There are 2 protein chains.
Amino acid sequence: MSEVAATGISVLLVDDHPIVRQGYRRVLESQGDLHVVAEADNAADAYGAFKTHDPDVVLMDISMPGASGLEAIRNIRARNPRARILVFTMHNEAVLVKAAFSAGASGFVTKSSAPSAVVNAIRSVARGERAMSDDIAHVLAEDSLSTGSALDQLGEREIEILRQFAGGATTEEIATHLNLSVKTVQNYHYLIKTKTGARTDAQLVRLAAACGLTKI
Amino acid sequence: MSEVAATGISVLLVDDHPIVRQGYRRVLESQGDLHVVAEADNAADAYGAFKTHDPDVVLMDISMPGASGLEAIRNIRARNPRARILVFTMHNEAVLVKAAFSAGASGFVTKSSAPSAVVNAIRSVARGERAMSDDIAHVLAEDSLSTGSALDQLGEREIEILRQFAGGATTEEIATHLNLSVKTVQNYHYLIKTKTGARTDAQLVRLAAACGLTKI
DNA sequence: TGCAGCTCGGGCAATTTTCCCAAGCCGGAT
DNA sequence: ATCCGGCTTGGGAAAATTGCCCGAGCTGCA
């Protein structure tokens, strides 16, 4: 079991931006009790690195190209249900948070959080606790009170496709990224539009932006 | 003038994620010749910090909440045309790149770049050179050297149609509003896309939003 | 066991997009 | 005066996408 060793907490870093990873590594290692034992820039490598290094905590940005980060969470948890995965992303949409927790994440912090909040979250999940940043707790609280945002009715795949579409990807690019046929992506596109009530691609982009799914 | 001092290159860091900023700071300061003199997490603060610190280089993520990063670039350059601004973002769309350069950026590197490429880009723009990462050069090359900046080359009618489109109007609605045939609106739509280099309606909306043509 | 919902894609008519083209208008350059 | 170039407006036709229908496999849940 990934008991926290007396030597500190071992961390696997998953983010698709090299310089961002390097920055995190330096921030974490300056803490003394945190040690980055491996890095990965995609879901498949993350799974491989987890198998070889068995880290105490996986710090993972789930908005990566290619396979969904949620997929990676599920894979890792399938291999070792004791794995502690702390999702670390700039998105703060309630649907995403709920999807991450139901995929097996132990915590969810946004990049808007103070660095100290992030390292504390790492220590919390290493102890087996659940952790989330204040803003995440806030959106979850509001979400539980509201009738539900337009995005709540979307499935995980739909969310991912909407994110990529709103980010500017073409249908073919999305199909390639997610290993789907163009036809399937087109169908999702149509489904998303009908579910959200958007009559225009532009409205879809605005919706995604309004929900924090994508930044402009 | 922001001559590179003998002591090294002073950098203003602009990014809306605190831990990301802290990571960059550590990466940059480990270089010896780079010194982070200030940080900002939004466009307004970036302008203020620039006024007080007059850094050699501004390293800026333009995908920030609220006001556009492009606006911030314009403001800074309006105050000091010698300002060196290196855009640093995860987006690699030709429209955005062109918009950034026409707003006055000296360079554009993506977060997919190797850390060494980023620090070298900082040194390049500090010397007054233009810098861009390989992937950016590639998308610009593919975009061909069609024409100049993003929105400047659009006529009145095109701007108006783009505004309504990005606002969520359908082609027919725009045609009705402007007393045009649907065909004409379609032709404008196509023309705007080719002129701006947008390959997707979503990219068009993002461009319009980035240029302040529409608010999300 | 069965229902419900997600995921994935085929099919096909209807529409839209993509280009190419022409014509009228207007301002500026020659 | 004349011509050039750019804006505005639209036609046309092939290519692509959309809108909507469908079925099949899978998972979770009752």
Side-chain angles (χ1 to χ4, degrees), chain A residues 43 66-75 77-78 81 95-96 98-104 148 150-166 168-205, chain B residues 142-144 146-149 151-166 168-205:
Chain A
S68 158
L70 298 178
E71 206 93 24
I73 294 178
R74 258 184 240 102
N75 289 340
R77 294 278 297 189
V95 246
L96 252 193
K98 292 197 277 191
F101 277 117
S102 80
L151 259 42
D152 282 350
Q153 52 205 318
L154 298 184
E156 187 185 304
R157 216 84 250 239
E158 292 160 336
I159 291 279
E160 181 58 31
I161 286 173
L162 173 56
R163 184 206 313 291
Q164 296 201 22
F165 166 76
T170 67
T171 301
E172 272 146 77
E173 286 167 354
I174 297 174
T176 304
H177 292 157
L178 300 181
N179 264 107
L180 296 175
S181 80
V182 168
K183 181 61 188 176
T184 299
V185 178
Q186 289 175 337
N187 279 336
Y188 272 115
H189 192 320
Y190 168 73
L191 233 181
I192 294 167
K193 276 212 262 188
T194 58
K195 275 192 179 181
T196 59
R199 289 176 302 110
T200 287
D201 282 356
Q203 292 180 10
L204 221 45
V205 176
Chain B
E142 285 213 341
D143 184 72
S144 90
S146 54
T147 359
S149 42
L151 285 192
D152 305 335
Q153 59 206 331
L154 298 185
E156 244 177 73
R157 219 84 244 244
E158 292 160 337
I159 290 279
E160 183 55 34
I161 286 174
L162 174 55
R163 182 203 313 286
Q164 296 202 22
F165 166 75
T170 67
T171 302
E172 273 147 70
E173 285 166 353
I174 298 175
T176 304
H177 293 157
L178 300 180
N179 266 105
L180 294 174
S181 79
V182 169
K183 181 64 190 176
T184 299
V185 177
Q186 288 176 337
N187 278 336
Y188 271 117
H189 192 324
Y190 169 72
L191 199 67
I192 294 168
K193 276 212 262 189
T194 57
K195 274 192 178 181
T196 58
R199 295 175 359 259
T200 285
D201 282 356
Q203 290 181 12
L204 221 45
V205 176

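These figures come from a predicted structure and were not determined experimentally. Protein chains get the first letters and strands the later ones, always in sequence-line order, with residue 1 at the start of each.
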Handout entry: Length of the line joining A:Leu154:CG and C:dG5:P, which is rounded to integer Å
Key = 15 Å
Handout entry: Distance test, side-chain N/O of B:Tyr190 to OP1/OP2 of C:dC19, below 4.0 Å
Key = yes
Problem - Separation of atom CG in A:Leu178 from atom P in C:dT7, rounded to whole Å - result: 11 Å
Exercise for the section: Quick one, give me the B/S/- string for nucleotides 25-30 of chain D, reading 5' to 3', where B means a protein heavy atom under 4.0 Å from the base and S means that only happens at the primed atoms, P, OP1 or OP2. Expected result: ------
Problem - NZ/NE/NH1/NH2 to OD/OE distance under 4.0 Å, B:Glu160 and B:Arg157 - result: no
Practice task
Whole angstrom is fine here: how far is it from CG in B:Leu191 over to P in D:dT8?
Solution key: 10 Å
Exercise for the section: Round to a whole Å and report the spacing from CD1 of A:Ile161 to P of C:dC6. Expected result: 14 Å
Polar atom pairs between nucleotides 10-13 of chain D and protein, under 3.5 Å, N or O only, would you list them?
unit_1	atom_1	unit_2	atom_2	d
D:dG10	OP2	B:Ser181	N	3.1
D:dG10	OP2	B:Ser181	OG	3.3
D:dG10	OP2	B:Thr184	OG1	2.4
D:dG10	N7	B:Asn187	ND2	3.2
D:dG11	O6	B:Asn187	ND2	3.1
D:dG12	O6	B:Lys183	NZ	2.4
D:dA13	N6	B:Lys183	NZ	3.3

Problem - Length of the line joining B:His189:NE2 and C:dT18:C1', which is rounded to integer Å - result: 12 Å
Completion exercise
In whole angstroms, the gap separating C1' of C:dC6 from CD1 of A:Ile192 amounts to 13 Å
Practice task
With the side chain of B:Tyr188 defined as its heavy atoms from C-beta on, choose the nearest nucleotide among C:dT16, D:dT18, D:dT9.
Solution key: D:dT9
Exercise for the section: To the nearest Å, give me how far apart CD (A:Gln186) and P (C:dT7) are. Expected result: 18 Å
Handout entry: Whole angstrom value for the distance that separates C1' of D:dT18 from CD of A:Glu172
Key = 15 Å
